[in-house]
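A short worksheet on the structure shown next.
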Protein chains: 2
Amino acid sequence: MKKRPTIEMVAKRAGVSRQTVSNAANAPHLLKPETLRKVLGTIDELGYRPSHAARALRTRSTRVIGCRLLPSNYGGTGGVLDRLLHALCDAARSKGYDVLTFSVPTDDEEIAVFEDLLRRGAVDGFVLTNTHHGDVRPNWLLAEGARFVAFGRPWGVEHPSHSWVDVDGASGTRQAVEHLAGLGHTKVAFLGLPEGNGVGDDRYRGWHEAMSARGLLAKATVARAEDGIASGRAIAEQLLAQPNPPTAFVCVSDAMALGAIRAAEDRGLVPGRDVSVVGFDDSPVASVLRPRLTSVRQPVEAVAQKLIEVLLEELSGDRKKPSRQLLAPWLVARESSQVAPGAQERSQAVPGPALPSPARRKAAS
Amino acid sequence: MKKRPTIEMVAKRAGVSRQTVSNAANAPHLLKPETLRKVLGTIDELGYRPSHAARALRTRSTRVIGCRLLPSNYGGTGGVLDRLLHALCDAARSKGYDVLTFSVPTDDEEIAVFEDLLRRGAVDGFVLTNTHHGDVRPNWLLAEGARFVAFGRPWGVEHPSHSWVDVDGASGTRQAVEHLAGLGHTKVAFLGLPEGNGVGDDRYRGWHEAMSARGLLAKATVARAEDGIASGRAIAEQLLAQPNPPTAFVCVSDAMALGAIRAAEDRGLVPGRDVSVVGFDDSPVASVLRPRLTSVRQPVEAVAQKLIEVLLEELSGDRKKPSRQLLAPWLVARESSQVAPGAQERSQAVPGPALPSPARRKAAS
DNA sequence: AGAGGCGACTTGATCGTTCATATTCGTGAC
DNA sequence: GTCACGAATATGAACGATCAAGTCGCCTCT
């Protein structure tokens, strides 16, 4: 391990005092242009960087953000959170922050890690992911006076007293319905989660609104189950077995969508041609499946940027009312959604089999 | 932000000196049992944790490990690295370390981040992932005197002067061949990467050795291409078009395997029944595909544990000769590999369609 | 001419630990 | 009786930055 240069060494070499070197980096306007140039030159020459520890000790701010690592299960939002972490690291680093990750199985253990990191003063704040109904973490953090932003709305809380950033799920399913209606579908079913799940209800609402606006609710069917391929397959199977079954499925997740595709295959239907399916999250499997899955993609990079932005405001300490940011997702059309059987194509083009770079912003609304 | 208790507050409350409190945590054997009990009680009562910054400043060790976040592309080893990160965080935390992540597009930028983190003294060492031929990072780190472990062997280097942990790819492909041979396959092709890729060559070697040992090399065919579904499909297509085509494929990655499955389908063959396919890495798609993909799974948790273990030795400073650890992967059999057409099943059972918890350690060798 | 103010830089104090030395106290040896 | 010694605990000095007050010219104003 090479010895790192200290501020003192830079000061001596440049013929100025410690403080002047410090100011060169933190408050350059205080220096005479000539001095500034000289000091910056020396800093560069020695490759000096202020010691993280010393600075953190003095300023009581670490410029590190803690973030839980969530299991990349491909049923749920796994793929999304993986992309989010990348974008988060990028966004953080561009603002001079670093991201510290930890992997815990439960919310309670996450709180234990929060406590550890806060007490040791190892991080300045947190990014909370996977908020859900009855989530105890926000309250714990608020009580502790910790700074944080949530990715995900505080479901079921009347007047949330913390900042959050989220993706408008209703907009996503609305786009899905518009897309399918544009392809001539009138019997569009919804595969959702059991009621009471915030994300699930949100996405259901978008489907319901759009179906209602189009006057298609009468023909609509809904089925709910826990997230997963098997459960999606089971409930899609039920809907397809009814008389006058749906020709399209809007699904709360890609896992459900995959289940719907399997259920269609089970009945000898060709997914895409006979039954259209739209998933949610555009998880990595979506573009690998056959047929490739039309899905609603979350603007993860924008979310990450907002999260960092909001968290930094939170950290700046000007305690103002919490910030709320709702970003819109967009639909990525692929082969799993095509013109309804027996319908004239009206607006939406069916994507060809080869889509080198996936079409972005192909939103219907 | 609540005010954190300091060592001084604990000392005052317990009626002892700072150093005694410090010793209670770091060198308990120096205290009289009675004092120790009293001090630990006070520490617990106040919820004291030593300040990360202060301790790092004094001891020059941060107990933080840096690790690059690699894009989870589902062609390459993406899924593996995602699992690795989880396991790494777990293993690190269990040893009192934290993991700091960053996301960079190129090796050069990774070096820039290394430099930044080292100069600021923000981390004690690194875990290097995705080592490859002509990798400049190890040499840079060695020259800088930084501590690190690589996940992946230093391909193409005669006498590597740093520690590494890796998975024995040759063992994996050997297991794949044994498995397929056990199912009665004699014409087992290999879909690999262009020569010169360390990982690719390693996995090729295992296939070659096992085929040779079984006397099957005469009938064997090999095709190579860049990793990916499309390229895998293309080269598998070529092999299937030959007279007397292979009945099984051992693939260097799951992406290649998926390509082989597609190629088989293209020719009207049923993957699994007419053509068996074995992938590598057991990426998340493997168990979602239809047929579900037999694949070689890397012992990621064990790798993570070893990485941390070796890195901590490295950090302890007793400079001894670098440590090398090669761990064995195992085969997870699924529907994509089945009894060879026209062959009697000899040893290996074909897994049923439902496999709630994937069989572990189903190694052939 | 002296007070006052401002720009440009310097100096001591401080953040909360641990390291390197004290100090204190009891006990056994001579 | 005191001297040496070890066990247990206490005290000053770092670590390397920033903060909060300096100091020192120099210019302006009265």
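In what follows, chains are A, B, ... by sequence order, proteins preceding strands, each numbered from 1.
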Inset, instruction - Flag the pair B/Arg93 and A/Asp116 as a salt bridge only when some basic side-chain nitrogen lies within less than 4.0 angstrom of an acidic carboxylate oxygen. - result: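 Between A/Asp116 and B/Arg93 there is a salt bridge, with a charged N closer than 4.0 Å to a carboxylate O.
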Can you find a side chain N or O atom of [X] that sits less than 4.0 Å from OP1 or OP2 on [N]?
X	N	answer
B/Tyr48	C/dG16	no
A/Arg60	C/dG16	yes
B/Ser17	D/dT11	no
A/Thr59	D/dC19	no

Legend entry - B/Ala54 vs B/Asn23, nearer the 5' end of DNA chain D by closest nucleotide: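 By nearest-heavy-atom nucleotide position, the 5'-most residue is B/Asn23.
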Legend entry - Upstream residue (5' side of DNA chain D) when A/Arg55 and B/Thr20 are each assigned their closest nucleotide: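 Per heavy-atom nearest nucleotide, the more 5' residue is B/Thr20.
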Legend entry - Side-chain donor or acceptor of B/Asp166 paired with backbone N/O of B/Arg153 under 3.5 Å: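 At least one qualifying donor-acceptor pair exists.
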Legend entry - Donor-acceptor under 3.5 Å (A/His86 side chain, B/Leu70 main chain):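 Between the backbone of B/Leu70 and the side chain of A/His86 there is a qualifying donor-acceptor contact (under 3.5 Å).
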Inset, instruction - Could you say whether A/His29 or A/Arg18 is positioned toward the 5' end of DNA chain C, judged by the nucleotide with the nearest heavy atom to each? - result: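 With A/His29 and A/Arg18 compared, the 5'-side residue is A/His29.
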Distance, rounded to the nearest Å, where [X] contributes [atom1] and [N] contributes [atom2]:
X	N	atom1	atom2	answer
A/Arg63	D/dT18	CZ	C1'	14 Å
B/Ile7	D/dT9	CD1	C1'	14 Å
B/Arg58	C/dT14	CZ	C1'	16 Å
A/Leu57	D/dA14	CG	P	17 Å
A/Gln19	C/dG12	CD	P	13 Å
A/Glu8	D/dA17	CD	P	9 Å
A/Glu34	C/dC9	CD	C1'	13 Å
A/Arg120	C/dT18	CZ	C1'	16 Å

Inset, instruction - Go through C/dT10, D/dA17, C/dT18 for me and flag the one nearest to the A/Val16 side chain. - result: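 Nearest listed nucleotide: C/dT10.
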Inset, instruction - Quick one: do B/Val64 and B/Tyr97 satisfy side-chain contact (heavy atoms from CB on, under 4.5 Å)? Show the steps, please. - result: CA-CA 5 Å; B/Val64 174; B/Tyr97 277 71; over 6 Å; no
Inset, instruction - Can you check whether any acceptor in the base of D/dG16 is under 3.5 Å from a donor in the side chain of A/Arg4, or vice versa? - result: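 Answer is no: no donor-acceptor pair is held.
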Legend entry - Aromatic plane relationship, A/Phe114 with A/Phe126 - under 30° parallel, 30 to 60° tilted, over 60° perpendicular: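 Geometry flag for A/Phe114 against A/Phe126: tilted rings.
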